[in-house]
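Before any comments, here is the structure.
Computed from a prediction, not measured in an experiment: that's the story for all the values here. Starting from 1, each residue takes its place in the sequence as its number.
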Amino acid sequence: MQYDALDTETQAGTRKKPMALDLTILVGTMTGTAQLVAQELELTLDDGEIRVRTAPMDGLDAGVFSGGGLFLICSSTYGQGDVPDNAKNLYESLQTARPDLSNVQYGVIALGDRTYAETFCNGGKRFDAILSELGARRIGEIMLHDASAGTMPEEVAVTWVAGWISLCRKEARLTA
C-alpha cells in the first residue's frame, strides 16, 4: 500500500496524520542574511503539519533549550570565524552553564564564505560543537552555504530543509 508521505499506518490498517512537529529556528545574524533564510523556511514549513517559531538569538541564554524539543540553528559567521554578535550571549551561556541537552534535537544551517577557508561556516559549526558536547543530538548533516558560490542561501536552505524535515519525522516515529 502506498500513502502520502505524511500519513502513517496504524495496526488496524487505517491511516492517520502524524502529530505536528514543533520547530524553533534560532537565528544568529549580523547583516540579516540568516534572518532572511529563517523567514523563508518559516513560510515554507509552517503548514499545520509543522509549527514553526523563529527567534533571533538576541538576549537568549542556555535556558532557551530547557524544555527540550526540536531546534534549527541558522547562523552566519563573523570576524575570525566567530558567532554573530547577537548570538554571543547564547553561545557563551552554553559554554558556562553547561546544561544537559539530552532532550534536544537539532539541525544547523551555517552560512559562510569559502574564500575564508580556515573559518568557513564557523558560526554554525561552533554551535554544532557545543550542542553536541552538551548531549543534544544533531539530525542530519550541517547545511554549509558558501556566499561566494553565487547561490541564494534561502533557496539552498529550502531545498535542504525538505530532506532534514523528513529525517526529523523518521526520528519522531522511532521515539514515539
Side-chain angles (χ1 to χ4, degrees), residues 23-45 52-165 167-168 171:
L23 172 64
T24 302
I25 303 174
L26 298 178
V27 183
T29 191
M30 290 292 287
T31 63
T33 303
Q35 184 68 39
L36 288 173
V37 170
Q39 288 170 338
E40 189 65 30
L41 292 175
E42 185 171 6
L43 288 171
T44 301
L45 295 174
V52 182
R53 183 176 82 85
T54 300
M57 292 184 192
D58 305 71
L60 296 180
D61 62 21
V64 74
F65 296 107
S66 64
L70 180 62
F71 293 84
L72 182 57
I73 306 297
C74 184
S75 179
S76 62
T77 303
Y78 189 70
Q80 302 298 308
D82 299 318
V83 298
D85 287 352
N86 80 317
K88 284 184 178 175
N89 189 61
L90 175 57
Y91 183 75
E92 291 168 1
S93 174
L94 289 167
Q95 288 182 306
T96 56
R98 314 230 21 103
D100 173 10
L101 299 182
S102 58
N103 60 348
V104 169
Q105 294 178 314
Y106 70 98
V108 177
I109 293 177
L111 307 177
D113 187 327
R114 207 173 283 283
T115 58
Y116 301 96
E118 292 186 20
T119 60
F120 177 61
C121 289
N122 265 15
K125 289 176 181 177
R126 286 177 182 237
F127 273 107
D128 178 51
I130 190 69
L131 291 172
S132 175
E133 191 178 310
L134 296 173
R137 199 160 46 77
R138 187 180 77 221
I139 296 175
E141 295 301 316
I142 299 174
M143 187 200 109
L144 304 173
H145 181 265
D146 178 11
S148 66
T151 57
M152 300 300 293
E154 59 273 20
E155 292 173 6
V156 175
V158 165
T159 300
W160 173 87
V161 82
W164 185 74
I165 287 294
L167 291 174
C168 292
E171 198 64 37

Exercise. Evaluate the criterion side-chain contact (heavy atoms from CB on, under 4.5 Å) for residue pair Asn89 and Asp61; output intermediate values, then yes/no.
Key: CA-CA 6 Å; Asn89 189 61; Asp61 62 21; 4.2 Å; yes

Can you see which heavy atom on [X] is nearest to which on [Y], and at what distance?
X      : Y      : value
Cys168 : Ile139 : SG-CD1, 3.9 Å
Leu111 : Pro153 : CD2-CB, 4.1 Å
Gly140 : Leu167 : CA-CD1, 3.7 Å

Practice problem: Would you please test Leu101 and Leu94 for side-chain contact (heavy atoms from CB on, under 4.5 Å) and show each step? | Solution: CA-CA 10 Å; Leu101 299 182; Leu94 289 167; 4.1 Å; yes

List, one per line, each side-chain donor-acceptor pair under 3.5 Å for residues 23-38, sequence neighbours excluded.
| unit_1 | atom_1 | unit_2 | atom_2 | d |
| --- | --- | --- | --- | --- |
| Thr29 | OG1 | Gly32 | N | 3.0 |
| Thr31 | OG1 | Thr33 | OG1 | 3.3 |

Practice problem: Tell me, please, which residues at least two apart from Arg114 pass salt bridge (charged side-chain N to carboxylate O under 4.0 Å, His left out). | Solution: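 By the salt bridge (charged side-chain N to carboxylate O under 4.0 Å, His left out) rule, Arg114 matches Asp146.
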
Practice problem: Output all residues satisfying side-chain contact (heavy atoms from CB on, under 4.5 Å) with Val156, sequence neighbours left out; order by chain, then residue number. | Solution: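 With sequence neighbours excluded, Val156 shows a side-chain contact (heavy atoms from CB on, under 4.5 Å) to Met143, His145, Thr151, given in chain and number order.
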
Exercise. Report the residues that fulfil side-chain contact (heavy atoms from CB on, under 4.5 Å) with Thr159, sequence neighbours left out, ordered by chain and then residue number.
Key: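 With neighbours one apart ignored, the set is empty.
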
Residues forming a side-chain hydrogen bond (donor to acceptor under 3.5 Å, both in side chains) with [X], sequence neighbours excluded:
X     : result
Asp85 : Lys88
Ser93 : none
Glu42 : Thr54
Asp58 : Asn86

Quiz item: Residues two or more places apart in sequence or in another chain: which of them pass ring pair (Phe, Tyr, Trp, His ring centres under 6.0 Å) with Phe120?
Solution: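 Scan of Phe120 (ring pair (Phe, Tyr, Trp, His ring centres under 6.0 Å), adjacent residues dropped) gives none.
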
Exercise. Using modelled atom types only, decide if a donor and an acceptor are shared between the side chain of Ser102 and the backbone of Ala136 within a distance under 3.5 Å.
Key: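 Checked: no pair found.
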
Quiz item: Can you list every ring pair (Phe, Tyr, Trp, His ring centres under 6.0 Å) pair that touches residues 59-101, not counting sequence neighbours?
Solution: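 Checked against ring pair (Phe, Tyr, Trp, His ring centres under 6.0 Å) - neighbours excluded - the pairs reaching residues 59-101 are Phe65-Phe71, Tyr91-Phe127.
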
Quiz item: Under 4.5 Å between any side-chain heavy atoms of Val64 and Met57, yes or no?
Solution: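 A side-chain contact under 4.5 Å is absent here.
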
Practice problem: Only pairs at least two apart or in different chains count here, so list each side chain to side chain donor-acceptor pair (under 3.5 Å) that has a residue in residues 115-135. | Solution: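 Listed by first then second residue: Arg98-Glu133, Tyr106-Asp128, Asp113-Thr115, Asp128-Arg138.
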
Self-check item: Pairs flagged by side chain to side chain donor-acceptor pair (under 3.5 Å) wherever residues 64-76 is involved - sequence neighbours left out
Solution: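 As it turns out, there is no side chain to side chain donor-acceptor pair (under 3.5 Å) pair with a partner in residues 64-76 once direct neighbours are skipped.
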
Quiz item: What do the steps show when you test Leu134 against Val104 for side-chain contact (heavy atoms from CB on, under 4.5 Å), and what is the final call?
Solution: CA-CA 10 Å; Leu134 296 173; Val104 169; over 6 Å; no

Practice problem: Start with the C-alpha gap between Leu41 and Cys74, add the side-chain angles, then the distance that decides, and say whether side-chain contact (heavy atoms from CB on, under 4.5 Å) holds. | Solution: CA-CA 10 Å; Leu41 292 175; Cys74 184; 5.5 Å; no

Practice problem: Calculate, to the nearest 0.5 Å, the distance between atoms CD1 and CD1 belonging to Ile142 and Ile109 respectively. | Solution: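 Result: 11.0 Å between the selected atoms.
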
